[in-house]
Amino acid sequence: MHAFRTHTCGDLRKAHVGQNVRLSGWVHRRRDHGGLVFLDLRDHYGLTQCVVEPDSPAFALADAARQEWVVTVTGPVVARPAETVNEALPSGEVEVRIETFAVQSRAEELPLQVFGDIEYPEETRLKYRFLDLRREALHRNIILRSNIIASLRRRMIAEGFTEFQTPILTASSPEGARDFLVPSRLHPGKFYALPQAPQQFKQLIMVAGFDRYFQIAPCFRDEDARADRSPGEFYQLDLEMSFVTQDDVFTAVEPVLHGLFEEFADGRSVSPLPFKRIPYAEAMLKYGSDKPDLRLPPTMDIIDVTAEFNDPSVEFKAFKNVIAQGGVVRAIPAPGAAAQPRSFFDKLNDWARSEMKAAGLGYVVFEADGGKGPIAKFIPDPVQKALIAKAKLKPGDALFFAADKPEKAAKLAGAARLKIGAELGLKAVPYYDFHFCWIIDFPMYEWNEDEKKIDFSHNPFSMPQFDHDAFLKLTGEDKDTVLGIKAFQYDIVCNGIELSSGAIRNHLPDVMIKAFDLAGYGREVVEAKFGGMLNAFRYGAPPHGGTAPGIDRMVMLLAGEENLREVTMFPMNQRAEDLMMGAPSDVTPKQLRELHIRIVPPEKG
RNA sequence: GGGGGCGUAGCUCAGUUGGUUAGAGUGUCGGCCUGUCACGCCGAAGGUCGCGGGUUCGAGCCCCGUCGCUCCCGCCA
């Protein structure tokens, strides 16, 4: 007989009755009836009830066992009496009668119970992650994560993609997030950077003549965390393809994501292929966001009502002043909101003022006999009718108004749309639990108001949607033209979460240098910082493009969790500390000397 | 860097208007119990009320500071 087990704790069924078996696992739960002790034994595979009676030679040992001890039991599988069958347990028809009992390892009093579903503070859960991982919910999520990654690999390979590894120690890059730096021992004063993404490498893989690359790629960014954003490190399904248009990328990626979500939907619905494509400008107007949640009904689509409020007959000064200063008024329809109490509207206004730092969130309730609410009296009947027509309102619907500079108004309207939709419990018809869309035609540049300069608005490596020769002739003088340029840049969005960002890349050195030039980076800077890739483009670069869906976020969606730590095996806390391993940590003076590093502690404020 | 919330037994939490010896559940330890599966019953141990200062006759509770955790904003091409 094997030293530890002949079966797992998830194996035993009625068919095993009579066999002598050996199980090893953790003592999940102990029920002591004096003369009779039940031990639920747990391993990765399941739970099996074991029982020991006083006349058993193993009784004293087994009776002493406590929660989370690791033990090995040996004995016959017996059928449980009919009235004691546990239907909640797959092995519930049988139990193991303990004849010999061995303790493999004991457990101290637990800081966190494995049994049950008590909620524990993050600090405890992270410090004792190995205990938390034993618990059912987290254990299940981590297995789900593994299955999702395995499925992605299968699907990508089936689509003709090949997985390649790219370096973890690479060069720091100027744009984008803050790099994690690794000091070089051999080159005093110089640093490697951990890759924010294998962006340049995957493009170089295309230049190198490979095609259809993918990787479950670790990415590192030294930025602050959020519930849906791990500090430090995360994983992407990184992919890149040669000789493709934007549509080819979509066609390659859609079935992978759709198939994945269908596979793990577990009864939930997935929006059908092809995913809706929404230009950035339209998304910002209709949803107030570049990551719209399409689970809300189209009757809640935001509309621009600047013209209506600018009509001479409207006497509402607050909005008129905003418009006079270049602002806009956006209206968020709230279907059926007339049934809500006054407090519903007041709370939303308070929310807009406190959390969104807005001047307020005005509203009009359109009853059958006319508009109601604090600002309705400033809006004459013809304009009210125009608003009703434009927003396609029915009696009993309301409109909320966000008035501000275009970006701020869009942002407030977008947040209000989500909040109102959630409060009213409104759902699109047909409703999909996972509602995907592509956001396309992102602007190439944006105006940086603080520094009064043109910035890349997204990815400096994407191809502008602009005539090649005309683009090369652009200068900083053509500000409006430059700010109007769209890029072959796209995002995949699901349920209001940005899953991935991608682009058809700029593979032409002259366009790339001009693109950086327009954002205020001289040729020297581009040569110095992206010389490797730029140089590669001078030796025959194929047109190429790709994207990189965030794996952690996909797992989060499919697991139905709202925090990445619930789907990450060993996460750090929000301050980027590993409480279990004690990272980051001090290092020895010797280590620092070897790296030519001296610590200059921050001055205490 | 900024804002909100939280911090009481190993763990999860309660603790009234500032008022006697700070409680419950769970876990731990001891006793009883032969069919439980959140077993049950009896008992015990277990507390720097995060830390420091202040107000007060009296502080878990009020005030100030500080530390930790968490959520959000900034940030995340």
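Chain letters run A, B, ... following the sequence lines, proteins first, then strands; residues in each count from 1. Note: hydrogens, waters and symmetry copies are ignored here, and every other heavy atom, side chains too, is used.
Electrostatic pairing of A:R125 and A:D132 counts as a salt bridge here, judged by a charged N lying under 4.0 Å from a carboxylate O. The residues A:R97 and A:E95 are annotated as salt-bridged, a charged nitrogen and a carboxylate oxygen being separated by less than 4.0 angstrom. We find that A:E498 and A:K291 are not joined by a salt bridge, their nearest charged nitrogen and carboxylate oxygen being 4.0 Å or further apart. With respect to the salt-bridge test (charged N to carboxylate O, under 4.0 angstrom), the residues A:E136 and A:R42 do not qualify. Ion pairing of A:K347 with A:E423 is absent here, as no side-chain N (NZ or NE/NH1/NH2) approaches a carboxylate O to less than 4.0 Å. Ion pairing of A:R31 with A:D40 is present here, as a side-chain N (NZ or NE/NH1/NH2) and a carboxylate O approach within less than 4.0 Å.
Judged by Watson-Crick or G-U wobble contacts below 3.5 Å, the nucleotide B:rC6 has B:rG68 as its partner. Base pairing annotation: B:rG43 forms a Watson-Crick or G-U wobble pair with B:rC29, both donor-acceptor distances under 3.5 Å. Pair assignment for B:rU36: none, as no Watson-Crick or G-U wobble contacts are both less than 3.5 Å. Nucleotide B:rG60: unpaired (no Watson-Crick or G-U wobble partner with both distances less than 3.5 Å).
At least one side-chain heavy atom of A:W438 sits under 4.5 Å from a side-chain heavy atom of A:V253.
One interatomic measurement links the two molecules: CG of A:L110 to P of B:rG27, which rounds to 11 Å at whole-angstrom precision. A:R31 places its CZ atom 7 Å from the C1' atom of B:rC39, with the value rounded to the nearest Å. Atom CD of A:Q236 and atom P of B:rC76 are 16 Å apart (whole Å). Regarding A:K127, its NZ atom lies at a distance of 13 Å from the P atom of B:rG10, rounded to whole Å. Put simply, CD on A:E446 is 13 Å from C1' on B:rC75, counting in whole angstrom units. Taking atom CG of A:L89 as the reference point, atom C1' of B:rG35 lies 15 Å away to the nearest angstrom. Regarding A:E109, its CD atom lies at a distance of 16 Å from the P atom of B:rA45, rounded to whole Å. The nearest whole Å value for the distance from the CD atom in A:Q67 to the C1' atom in B:rU28 is 10 Å.
Residue A:R66 has a polar side-chain atom (N or O) positioned under 4.0 Å from OP1 or OP2 of B:rC29.
Rounded to a whole angstrom, the distance from the P atom of B:rC64 to that of B:rC72 is 27 Å. Remark: the separation of the P atoms in B:rG50 and B:rG15 is 15 Å, to the nearest Å. Look at the P atom in both B:rU56 and B:rC63: the space between them is 16 Å, to the nearest Å. Straight-line distance between the C1' atoms of B:rG4 and B:rA14: roughly 24 Å, to the nearest whole Å. B:rG27 sits 25 Å from B:rU21 when the C1' atoms are compared, rounded to a whole Å. Atom name C1', nucleotides B:rG25 and B:rG46: the rounded distance is 15 Å, in whole Å. Nucleotides B:rC57 and B:rC13 have their C1' atoms positioned 32 Å apart, rounded to a whole Å. Atom P of B:rA9 sits at a distance of 41 Å from the matching atom of B:rC76, rounded to the whole Å.
Checked by distance alone, A:R80 brings a side-chain donor or acceptor within 3.5 Å of a matching partner on the base of B:rC37. Side-chain atoms of A:Q49 come within donor-acceptor range of the base of B:rU36, with a qualifying N/O pair under 3.5 Å. Residue side chain A:R178 does not reach the base of B:rG74 through any donor-acceptor N/O pair under 3.5 Å, judged by distance alone.
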Using a cut-off of under 3.5 Å, enumerate the N/O to N/O pairs linking the protein to nucleotides 31-34 of chain B.
from: B:rC33; atom 1: N3; to: A:D32; atom 2: O; distance (Å): 3.2
from: B:rC33; atom 1: N3; to: A:G34; atom 2: N; distance (Å): 3.0
from: B:rC33; atom 1: N4; to: A:D32; atom 2: OD1; distance (Å): 3.0
from: B:rC33; atom 1: N4; to: A:D32; atom 2: OD2; distance (Å): 3.3
from: B:rC33; atom 1: N4; to: A:G34; atom 2: N; distance (Å): 2.9
from: B:rU34; atom 1: OP2; to: A:G35; atom 2: N; distance (Å): 3.3

At a cut-off of 3.5 Å, list every protein nitrogen or oxygen paired with a nitrogen or oxygen from nucleotides 68-73 of chain B, distance to 0.1 Å.
from: B:rG68; atom 1: OP1; to: A:R575; atom 2: NH1; distance (Å): 3.4
from: B:rC69; atom 1: OP1; to: A:N573; atom 2: ND2; distance (Å): 3.3
from: B:rC69; atom 1: OP1; to: A:E577; atom 2: OE1; distance (Å): 2.8
from: B:rC69; atom 1: OP2; to: A:R575; atom 2: NH1; distance (Å): 2.8
from: B:rU70; atom 1: O3'; to: A:R565; atom 2: NH2; distance (Å): 3.3
from: B:rC71; atom 1: OP1; to: A:N563; atom 2: ND2; distance (Å): 2.6
from: B:rC71; atom 1: OP1; to: A:R565; atom 2: NH2; distance (Å): 2.6
from: B:rC71; atom 1: OP2; to: A:R565; atom 2: NH2; distance (Å): 3.3
from: B:rC71; atom 1: OP2; to: A:Q574; atom 2: OE1; distance (Å): 3.0
from: B:rC72; atom 1: OP2; to: A:A227; atom 2: N; distance (Å): 3.1
from: B:rC73; atom 1: OP2; to: A:R226; atom 2: NE; distance (Å): 2.7

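Heavy atoms of A:R42 sit nowhere under 4.0 angstrom from any nucleic acid atom. Nucleic acid contact for A:L112: none, since no nucleic acid atom lies under 4.0 Å from a heavy atom of the residue.
Using bins of under 30°, 30° to 60° and over 60° for the plane-to-plane angle, the ring pair A:Y521/A:F516 lands in the perpendicular bin. Ring geometry, A:Y445 versus A:F456: the interplanar angle falls under 30°, so the pair is classed parallel (tilted spans 30 to 60°).
No hydrogens or angles considered: nothing links the side chains of A:S500 and A:Q236 as a donor-acceptor pair under 3.5 Å.
Of the candidates B:rC37, B:rG27, B:rG35, the closest approach to any side-chain atom of A:N86 belongs to B:rC37. Here the nucleotide nearest the side chain of A:R29, chosen from B:rU12, B:rC39, B:rU28, is B:rC39.
Counted within 6.0 Å of CG on A:D586, heavy atoms from surrounding residues, nucleotides or ligands total 12 or fewer; the atom is thus considered open. Shown here is A:R13, whose CZ atom has more than 12 heavy atoms of other residues, nucleotides or ligands within 6.0 Å.
Sequence order on RNA chain B of the closest nucleotides to A:F115 and A:S457 puts A:F115 first from the 5' end. Between A:R221 and A:A64, the one whose closest nucleotide on RNA chain B sits nearer the 5' end is A:A64.
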